[in-house]
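Written below as structure tokens is the structure these notes are about.
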Number of protein chains: 2
Amino acid sequence: METAERLFLDKGFALTTTTEIAKEAGCNQALVHYYFRTKEKLFQRIFETKLTLFASTFFSIGQQGDTFEERLTQKIEAHFDMLVQNPKIPFLIINELTPHPERLTEIIKNMNEISMNMLNSLESDLKAEIKKGTIRPITVFDLILNIISLNVFLFISRPIVSSVLNLTEVETKAMMAGRKKEIVQTVIRSLKN
Amino acid sequence: METAERLFLDKGFALTTTTEIAKEAGCNQALVHYYFRTKEKLFQRIFETKLTLFASTFFSIGQQGDTFEERLTQKIEAHFDMLVQNPKIPFLIINELTPHPERLTEIIKNMNEISMNMLNSLESDLKAEIKKGTIRPITVFDLILNIISLNVFLFISRPIVSSVLNLTEVETKAMMAGRKKEIVQTVIRSLKN
DNA sequence: ATTATCTATAGATCTATAGATAATGC
DNA sequence: ATTATCTATAGATCTATAGATAATGC
């Protein structure tokens, strides 16, 4: 499963073969099917884990903090840090869900319990601030999509950006750290009245 | 080529077969190879066109306008409008370049002529504004990546967002129009001192 | 006795080409 | 005579399973 996870994350479902998984895992190809029946089933087990991880993190951290700005900064950074730990998840999700949006339907229901609560808490927090006049009017949808766009796209485009700018691994890390601060700045400042 | 373009944009290189291209184009599969030799060559002709289109638009529009804010708004909207016309290009580029970053190397050189000029003009424009104190200090890299992130990710995630929120086609269009305004707002406001 | 692992292979694709036939241009 | 189109097929995968053999657990 570890090998399969790595290969699926690198190349997606279509480009990964059970032969390759077996080879890199050090067994024969039949054994992969002995344990998981089909390539699809093996993929789904990995994919659902990754999708749940990706979706839940954003809504589950950053409830403390005195000011709205602090709480929001925590959320953005927690989301960013989750991506640092799982940099290839966004590519996998985009890669698989875009041609097969129907795959999402079942999984959404499983997440609604946790995420909806957190979403509502963010929404009421946001609305209170807008009413106070400390930030401009904005929907929770737009705010979240702004944050996810800025965070996720960095990780999606990282291989391409590193290639275009010819960055070493160290330089890439420095660039990512810089982006983390910049993204927080961009989101916080964009809310100012 | 039209059929191939549509299928490659929808499903990427790996999931598209020359058999399917031929079938939907109304000829037999051998004819595809008669004209294009290999699936790879056919793909590259389409891919390079799309990649050039994607990369050049951002740097080639929006030079007029009295204030920096107007010029920047034009650039953001021009980029957004290009994506409206070509909503599936980002997915194709991400999908193909992430597992094969080496494919980019040749193509970069072709674009450097145009884009570098435009990038320099944006950079000097930006620096002048920062010096004047009308906007906060920010690198041209961060500004461009902010814009591309917000714009492109919307189009990458559109199928997923529409599916999650259960949006009709009309509702999706309205959402996109709202996002266009919101993205401009976010970028402009995030630059304020 | 059950579970794990292997070899071998069926069956389904898919790309690419060979070679025959039809259509077109001079 | 050249170009376009077709049928047929070779060769390369790849998934999945059947059936034999080895390892493990009681």
Side-chain angles (χ1 to χ4, degrees), chain A residues 1-51 88-89 91-107, chain B residues 1-51 88-89 91-107:
Chain A
M1 278 202 73
E2 285 168 21
T3 307
E5 181 177 314
R6 183 168 50 77
L7 290 173
F8 281 141
L9 282 168
D10 276 344
K11 314 197 297 176
F13 180 78
L15 291 179
T16 303
T17 67
T18 54
T19 309
E20 195 183 5
I21 294 168
K23 193 180 164 193
E24 298 212 10
C27 70
N28 60 80
Q29 181 258 351
L31 207 58
V32 178
H33 287 88
Y34 173 74
Y35 280 112
F36 303 102
R37 303 285 300 169
T38 69
K39 178 184 166 187
E40 181 78 27
K41 283 202 173 73
L42 171 56
F43 177 76
Q44 275 175 5
R45 276 177 57 170
I46 291 163
F47 186 66
E48 285 185 25
T49 310
K50 295 297 169 187
L51 188 59
K88 289 172 179 173
I89 290 186
F91 172 67
L92 183 72
I93 293 176
I94 297 293
N95 202 14
E96 298 311 322
L97 286 188
T98 301
H100 312 288
E102 73 279 1
R103 278 189 180 162
L104 196 59
T105 323
E106 307 160 22
I107 306 166
Chain B
M1 278 201 74
E2 285 168 21
T3 307
E5 181 176 313
R6 182 168 51 77
L7 291 173
F8 282 140
L9 282 168
D10 277 344
K11 315 198 296 176
F13 180 78
L15 291 178
T16 303
T17 66
T18 54
T19 309
E20 195 184 4
I21 294 169
K23 194 180 163 190
E24 297 212 11
C27 69
N28 60 80
Q29 182 258 352
L31 207 58
V32 176
H33 288 87
Y34 173 74
Y35 281 113
F36 303 101
R37 302 286 299 171
T38 69
K39 180 184 167 188
E40 181 79 28
K41 282 203 173 74
L42 171 57
F43 177 76
Q44 274 176 5
R45 275 178 57 169
I46 291 163
F47 186 67
E48 286 186 24
T49 310
K50 296 297 170 189
L51 188 59
K88 291 172 178 172
I89 289 186
F91 172 67
L92 183 73
I93 293 175
I94 296 296
N95 201 15
E96 299 309 322
L97 286 188
T98 300
H100 312 288
E102 73 279 1
R103 277 189 182 163
L104 196 59
T105 323
E106 305 161 24
I107 305 167

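Every chain is numbered from 1, with letters handed out A, B, ... down the list of sequences.
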Side chain to side chain donor-acceptor pair (under 3.5 Å) with A/Thr18: of A/Lys39, A/Gln29, A/Lys23, only one passes, and it is A/Gln29

Output the single nucleotide from C/dA16, D/dT17, D/dT7 whose closest atom is nearest the side chain of B/Gln29. C/dA16

Rounding to an integer number of Å, can you tell me how far B/Leu7 CG sits from C/dT15 P? 12 Å

Could you check how far CD1 of B/Ile21 sits from P of C/dA16, rounded to whole Å? 11 Å

Can you see which heavy atom on A/Asn95 is nearest to which on A/Gly12, and at what distance? ND2-CA, 3.7 Å

Minimum heavy-atom distance B/Asp10-B/Phe91, with the two atoms named: O-CE2, 3.8 Å

A/Ile21/A/Phe36 under side chain to side chain contact (heavy atoms under 4.5 Å, CB included): CA gap, chis, key distance, verdict: CA-CA 12 Å; A/Ile21 294 168; A/Phe36 303 102; over 6 Å; no

Counting only side-chain N and O atoms of A/Thr19, is one of them less than 4.0 Å from OP1 or OP2 of D/dT15? yes

Select one nucleotide: of D/dC14, D/dT17, C/dA16, the one nearest the side-chain heavy atoms of A/Thr17. D/dC14

Give a yes/no on whether any side-chain N or O of B/Thr18 is located under 4.0 angstrom from OP1 or OP2 of C/dC14. no

What does D/dA22 pair with, Watson-Crick or G-U, if both distances are under 3.5 Å? C/dT3

To the nearest angstrom, how far is A/Asn28 atom CG from D/dT17 atom P? 15 Å

Minimum-distance nucleotide to A/Ala30 side chain [options: C/dC6, C/dA18, C/dA16]: C/dC6

Could you tell me the Watson-Crick or G-U partner of D/dT17, where both distances fall under 3.5 Å? Say none if there is no partner. C/dA8

Indicate the ring-plane relationship of A/Phe13 and A/Phe8, choosing parallel, tilted or perpendicular according to the 30° and 60° boundaries. parallel

Nucleotide C/dT15, atom P - distance to CG of B/Leu15 in whole Å: 11 Å

A/Glu20 has an atom CD; how far is it from atom P of D/dA12, in whole Å? 19 Å

Starting at the 5' end of DNA chain C, which residue's closest nucleotide do you reach first, B/Glu40 or A/Gly26? A/Gly26

Between P on C/dA22 and OH on B/Tyr34, what's the gap in Å once rounded to a whole number? 16 Å

Just how far, in rounded Å, is P of D/dC14 from NZ of A/Lys39? 9 Å

From the candidates D/dT15, D/dT17, C/dT17, the one with an atom nearest any side-chain atom of B/Arg37 is C/dT17

Nearest whole Å is fine: how far is D/dA18 P from A/Leu31 CG? 16 Å

